[in-house]
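Let me begin by presenting the structure, written as structure tokens, before commenting on it.
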Amino acid sequence: VGAILRPAARGARDLNPRRDISSWLARWFPRTPARSVVALKTPIKVELVAGKTYRWCVCGRSKKQPFCDGSHFFQRTGLSPLKFKAQETRMVALCTCKATQRPPYCDGTHRSERVQKAEVGSPL
């Protein structure tokens with residue numbers, strides 16, 4: 001009836017799987033995403049094929065600009081690519097400065113003094 005409750009052994013108390021998992025997740029998925037970096041200072045013209053889905057690089061770290069190669073994940077940016085489907089087959093200019101107001105399409109922002117003065121690989 002009157003059971004005596006004893007504290008758990010020290011090793012068992014220190015082992016908190018929930019804390020271990022959340023710290024692991026925090027390393028791979030930071031709460032505050034990194035800022036996009038300027039990949040290039042000019043857009044890249046590509047032919048999009050109607051019905052095909054593309055993944056546009058948001059972080060600016062991909063070696064396959066303007067498309068994602070997974071660098072955002074391996075560099076733990078907390079950013080994700082912009083997935084979009086081409087509505088028609090056509091040539092388009094895709095942004096690589098990552099400052100466009102119409103992602104993934106170039107809107108001419110790369111011509112701004114702010115982008116032109118920035119170092120490639122640095123955030124704006």
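Small disclaimer: the values here were computed from a predicted structure and weren't measured.
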- Query: Which pairs with one or both residues in residues 115-124 pass side-chain hydrogen bond (donor to acceptor under 3.5 Å, both in side chains), sequence neighbours excluded?
  - Reply: Glu113-Lys117

- Only counting residues at least two apart or in another chain, list the ones meeting side chain to side chain donor-acceptor pair (under 3.5 Å) with Thr100. Asp107

Below 3.5 Å, can you tabulate the donor-acceptor pairs from side chains in residues 47-58 to any protein atom, sequence neighbours excluded?
{"unit_1": "Tyr54", "atom_1": "OH", "unit_2": "Val49", "atom_2": "N", "d": "2.8"}
{"unit_1": "Trp56", "atom_1": "NE1", "unit_2": "Cys95", "atom_2": "O", "d": "3.0"}

- Check side chain to side chain contact (heavy atoms under 4.5 Å, CB included) between Ala99 and all other residues, then give those that pass, not counting sequence neighbours. Cys97, Thr109, Arg114, Val115, Leu124

- Message: List the residues meeting ring pair (Phe, Tyr, Trp, His ring centres under 6.0 Å) with Tyr105, not counting sequence neighbours, and say none if there are none.
- Response: none

- Query: Can you tell me how far SG of Cys106 sits from NZ of Lys45, rounded to the nearest 0.5 angstrom?
  - Reply: 9.5 Å

- Message: List the residues meeting side chain to side chain donor-acceptor pair (under 3.5 Å) with Lys63, not counting sequence neighbours, and say none if there are none.
- Response: none

- Contacts satisfying side-chain hydrogen bond (donor to acceptor under 3.5 Å, both in side chains) that involve residues 81-95 (not counting sequence neighbours) are none

- Note on the structure: Closest non-hydrogen contact found for Ser62 with Ser71 is CA-OG, 3.8 Å

- Joining Ile, Leu, Val, Met, Phe, Trp and Tyr whenever any side-chain heavy atoms lie under 4.5 Å apart, the cluster holding Leu79 also takes in none

- Message: Within the structure provided, determine whether Lys98 and Arg61 are in side-chain contact (heavy-atom separation under 4.5 Å).
- Response: no

- Message: Looking at Cys59, is its backbone amide N or carbonyl O close enough to the side chain of Thr77 to form a donor-acceptor pair, meaning the two atoms are under 3.5 Å apart?
- Response: no

- Task: Quick one: list whatever passes side chain to side chain contact (heavy atoms under 4.5 Å, CB included) with Leu40, sequence neighbours left out.
- Result: Ile44, Thr96

